[in-house]
Amino acid sequence: MLILATDFGLAGPYMGQMHAVLALNAPSVPRIDLFADLPVFDPYRASYLLPAYCRTPFPADSVFLCVVDPGVGTDRKAVIVRTAQGWFVGPDNGLFAQIVRRAKTVEAWEILWRPETLSASFHGRDLFAPVAAALARGERPAAEPTAGCLYAAPLPPTELDRPHWPDDLAEIVYLDHYGNAITGLRPSVLAADAVLSCRDHRVRAATTFGAVPPQSGFWYVNSNGLIEIALNGGSVATHWHGGIGDHVSF
Amino acid sequence: MLILATDFGLAGPYMGQMHAVLALNAPSVPRIDLFADLPVFDPYRASYLLPAYCRTPFPADSVFLCVVDPGVGTDRKAVIVRTAQGWFVGPDNGLFAQIVRRAKTVEAWEILWRPETLSASFHGRDLFAPVAAALARGERPAAEPTAGCLYAAPLPPTELDRPHWPDDLAEIVYLDHYGNAITGLRPSVLAADAVLSCRDHRVRAATTFGAVPPQSGFWYVNSNGLIEIALNGGSVATHWHGGIGDHVSF
Amino acid sequence: MLILATDFGLAGPYMGQMHAVLALNAPSVPRIDLFADLPVFDPYRASYLLPAYCRTPFPADSVFLCVVDPGVGTDRKAVIVRTAQGWFVGPDNGLFAQIVRRAKTVEAWEILWRPETLSASFHGRDLFAPVAAALARGERPAAEPTAGCLYAAPLPPTELDRPHWPDDLAEIVYLDHYGNAITGLRPSVLAADAVLSCRDHRVRAATTFGAVPPQSGFWYVNSNGLIEIALNGGSVATHWHGGIGDHVSF
């Protein structure tokens, strides 16, 4: 399975071109859009979403094509990462920092292959998508130029980490369609009776929306294992004016 | 064919996880996104859209996976409905009220199966999607636990209706990408020369956009059989500040 | 490959119905959403996007189903166009003007077939999608009614051009998910050191985002060969209040 997680937006021309390259190069592999709205230009906050969402229900041999790439066209590396969750392809700008840090077993490669035509601003289409398709076809990275688009050199995985980034991020890292605020926190860092503060609102835990009064806020462990703040029938984005990067204290 | 109609939003992580479960459990069945923007938290208004849109051009044996589920995690039932239009899977919160009421023949079941791991807040992925996939594979509900995820008990379909909800809803129930306002009214309740009022604007019928002057409002029977209010080259949402739930009088 | 380029919006019910018709009529052909957010009601500005985006990476025999159709239900023609880039299906309202004008070889047909049931407002689903599916199956236009939905009469391609429309359009024709502004200009009309003005901001060329200071504006040749104006880490849409149709001078 090929899974796309990007900040490209879904309606415009970028995802379609990505899908075309994948469909042509790995025609029998199902393609799934997981995120087209990762935090824009923001690999730091996006890095806390990937370990939570790039896993079950996606099968273990999935290829996650992850592109949040404000440095496209500069000398940041293009990389492949392998963990027990699957293969990851994308830029080395910290996007895979938490994937690498949390994985029990991890390998990494720098992609040395370059396509005949490489645009300055759309490596997702020109470089990362062909690599992801080749991995999805079952090919593997190799350190010889004959490996085609999987010509890649082993890289110490720790190079992809960003040691100064915290293990858990006490910020809003994503606002969903309802206006619920997903944080970069895992339940292990919070007591079950913790009070979270966000934008001058203080909330306690509840198991689900129906457990609190309408328009009341609460926090819960969401269905992918991140701490999420929500209002029953309301929106943290609209009613509290919550935004990506807002601090959450506890 | 597997058709998704939800209030999950398209760009974020929910639809992708749904598609992954469907792709893994019914790999040969085409999957179509019909709505990812049903009225949020609002099964009442969404219920008037389903009979109009869950039909042609979708084939008669389609499975419609419909999730607008503000009560997820409470004790609302999980149900399967069968009509001549196909199979419906989702929560029993009124979402299927008009489907059941308008169907000439209808059967219903309460889903008794529960997955090994059931999140509190994402039954779409954990409960409804596996059931929809099984129906799409051709399996049928059965009242024995051995029926796997189609372990389900017959239910009087009338239980899924909400008798106090009107047959036609004189409100805006959906605003499309153009800002056109779809109502919960069918043409049978209106005279062809009726004048509709909405947000202090009065409009008459026209057959299509080109039939009225630019920026003028009109009503018409839309291509799915609901009364829709539009502006030629304009937007009810933007220019009239129309919103879901606005009253329409006639 | 079947590629959709419309102004229908992605989340709502229109694209899903289009996909259903295509899936039923050309089940083995991959379908790709290229644009669901072409300039709304605006075939003029959309016409400058099509030649840039309806090409590589899409294979040469692709069918592009293009619908920006404010005149749906009036007497504008329904047409098929063939160029070296592939087949195009949609309304004759200028949408294909630049496709026809720039093509070295081009053929065109007026679609004479009409479906049994043709809605007044959704020819994308009822008329254009079946035609696109038939072309994708390998069928070809023919001037006899027995040709099914490809019953079509040859048309001089120049009829689809709009001679008073310029070769390059010095306006914003699209704003992407980042708020970058795509213009209707090709690099051949600009000197490499040209200064572009847009909404009282003056920008020079840079090769990519990382080459200018944060929040600074620049222009570049985008990955599909159009002149694009962007801010490094910012948004022309949000920070400069740029909109479709804004003039660009140079």
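Residue numbers begin at 1 in each chain, while the letters A, B, ... track the order of the sequences. Every heavy atom of this structure was used, including side-chain atoms; hydrogens, water molecules and symmetry mates were not.
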query = Taking only residues two or more places apart in sequence, or in another chain, which ones meet B:Ala142 in a side chain to side chain contact (heavy atoms under 4.5 Å, CB included)?
reply = B:Glu144, B:Ala147

inquiry  = Is A:Ile32 close to chain B through its backbone or its side chain, or both, or neither, when contacts mean heavy atoms under 4.5 Å?
reply    = side chain

Cross-chain donor-acceptor list, chain A and chain B, 3.5 Å limit, no angles:
unit_1, atom_1, unit_2, atom_2, d
A:Ala36, N, B:Ala11, O, 3.0
A:Asp176, OD2, B:Tyr14, OH, 2.6
A:Tyr178, OH, B:Asp7, O, 3.2
A:Tyr178, OH, B:Asp7, OD1, 2.6
A:Thr208, OG1, B:Val72, O, 2.8
A:Ser223, O, B:Arg125, NH1, 3.3
A:Ser223, O, B:Arg125, NH2, 3.0
A:Asn224, OD1, B:Gln17, NE2, 3.3
A:Asn224, OD1, B:Arg125, NH1, 3.2
A:Asn224, ND2, B:Gln17, OE1, 3.4

key: Considering all heavy atoms, the nearest A:Phe209-B:Pro70 contact   = CB-O, 3.8 Å

ask   = Which region of A:Ile182, side chain (C-beta onward) or backbone (N, CA, C, O), has a non-hydrogen atom less than 4.5 Å from a non-hydrogen atom of chain B, or is it both or neither?
value = side chain

task = Sort out for me which of B:Ala20, B:Gly16, B:Ala11 touches chain A most, counting heavy-atom pairs under 4.5 Å.
result = B:Ala11

query = Given that the side chain runs from C-beta out, which part of B:Val40 has a heavy atom under 4.5 Å from chain A: side chain, backbone, both or neither?
reply = side chain

